[in-house]
Amino acid sequence: MLADALAQIPGSSRAQLLLRVDGAGATHGLHEHLIGLNTRRRTVCFTTGWTITDTDEQDIARLPETAWEVSLSQDGSLQDDYAVAELSGLSTREGWSKGLRLIVRRVKPPAANLVADLDAWLRLLALHDQDELADAEPDAML
């Protein structure tokens with residue numbers, strides 16, 4: 001399916017690709033395939049959703065508040081109540097390809113969604129290959 005989708009992109013637009021895949025794509029095989037698509041003339045970057053495990057929850061809880069950076073929207077403006085932090089040093093998985101980073105994004109839910117926990121955060125965990133932390137996550141929550 002991925003090959004069919006990429007084949008529909010005009011040749012002149014295939015030099016720099018950013019692929020976003022939901023959590024079903026968080027497989028070693030897909031990541032290795034995406035990394036293998038890079039050539040001297042083509043750069044393929046990707047972000048993959050990730051299911052937050054109990055271990056991830058513990059690692060997120062260990063992050064100091066200073067580890068969180070304000071998130072940017074796609075137009076580069078700051079997003080109030082959105083933040084990102086890197087878990088790559090705290091949370092590792094066997095078999096990861098070199099250079100992959102695990103990023104957690106949190107957002108304060110709207111007040112209407114809060115029941116009892118006023119400090120609640122919604123969180124999204126993603127695995128990606130991008131260098132800049134602020135560019136790691138698309139504006140996909142809420």
Side-chain angles (χ1 to χ4, degrees), residues 1-115 117 119-142:
M1 184 182 305
L2 176 61
D4 291 340
L6 294 176
Q8 293 180 39
I9 301 171
S12 61
S13 298
R14 291 186 202 163
Q16 294 184 340
L17 300 173
L18 171 61
L19 304 172
R20 295 177 178 162
V21 183
D22 67 14
T27 66
H28 296 293
L30 179 62
H31 293 150
E32 290 168 9
H33 178 71
L34 294 174
I35 291 168
L37 292 175
N38 287 293
T39 67
R40 290 178 130 168
R41 296 178 12 187
R42 178 179 54 216
T43 301
V44 178
C45 297
F46 61 88
T47 299
T48 326
W50 190 268
T51 300
I52 297 177
T53 65
D54 290 340
T55 301
D56 295 324
E57 290 283 6
Q58 293 168 7
D59 292 339
I60 292 167
R62 291 187 357 218
L63 287 171
E65 194 59 34
T66 56
W68 295 94
E69 296 181 27
V70 175
S71 180
L72 301 178
S73 65
Q74 289 184 352
D75 68 5
S77 60
L78 297 178
Q79 292 183 302
D80 293 333
D81 292 331
Y82 286 70
V84 293
E86 184 156 5
L87 281 181
S88 300
L90 295 174
S91 183
T92 59
R93 303 291 192 280
E94 271 190 48
W96 275 3
S97 298
K98 184 178 179 184
L100 294 184
R101 300 170 64 206
L102 192 58
I103 303 297
V104 62
R105 184 172 189 211
R106 69 181 186 183
V107 59
K108 283 282 191 182
N113 290 348
L114 296 176
V115 178
D117 186 357
D119 292 324
W121 289 93
L122 297 176
R123 291 183 304 283
L124 171 71
L125 198 55
L127 186 64
H128 73 93
D129 68 341
Q130 297 182 41
D131 292 333
E132 296 298 322
L133 183 60
D135 297 331
E137 278 305 309
D139 186 15
M141 293 183 71
L142 295 181

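Not measured: the values here are computed from a predicted model.
- Taking the side chain as every heavy atom from C-beta outward, Leu34 and Leu2 approach each other to under 4.5 Å.
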Go through the steps to decide whether Asp59 and Leu102 satisfy the test side chain to side chain contact (heavy atoms under 4.5 Å, CB included), and finish with yes or no. CA-CA 11 Å; Asp59 292 339; Leu102 192 58; over 6 Å; no
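- To the nearest 0.5 Å, atoms CZ (Arg106) and CG (Asp81) are separated by 9.5 Å.
- Looking at every heavy atom in both residues, Ala67 comes nearest to Ala85 through O-CB, 3.5 Å.
- When the side-chain contact (heavy atoms from CB on, under 4.5 Å) test is applied to Asp54, no partner is found at least two apart in sequence or on another chain.
- The side-chain contact (heavy atoms from CB on, under 4.5 Å) search around Leu78 returns Val70, Leu72, not counting sequence neighbours.
- Remark: Glu32 pairs with His28, Ser97 by the side-chain contact (heavy atoms from CB on, under 4.5 Å) rule, at least two apart or across chains.
- Asp56 contributes a side-chain N or O that, together with a main-chain N or O of Thr53, makes up a donor-acceptor pair within less than 3.5 Å.
- In this structure, the separation between CG on Leu37 and CZ on Arg14 is 11.0 Å, given to the nearest 0.5 Å.
- Remark: Asn38 CG to Leu17 CG distance equals 9.0 Å, nearest 0.5 Å.
- Note: Ile60 CD1 to Gln58 CD = 10.5 Å, rounded to the nearest 0.5 Å.
- Partners of Thr39 under the side-chain contact (heavy atoms from CB on, under 4.5 Å) rule, at least two apart in sequence or in another chain, are Arg41, Arg42.
- Applying the side chain to side chain donor-acceptor pair (under 3.5 Å) test to Ser77 and every residue at least two apart in sequence or in another chain returns Ser73, Asp75.
- Here CG of Leu19 is found 6.0 Å from CG of Leu6. Values are rounded to the nearest 0.5 Å.
- Distance check: Trp68 CH2 to Arg105 CZ gives 11.0 Å after rounding to the nearest 0.5 Å.
- Remark: Asp4 pairs with no residue by the side chain to side chain donor-acceptor pair (under 3.5 Å) rule, at least two apart or across chains.
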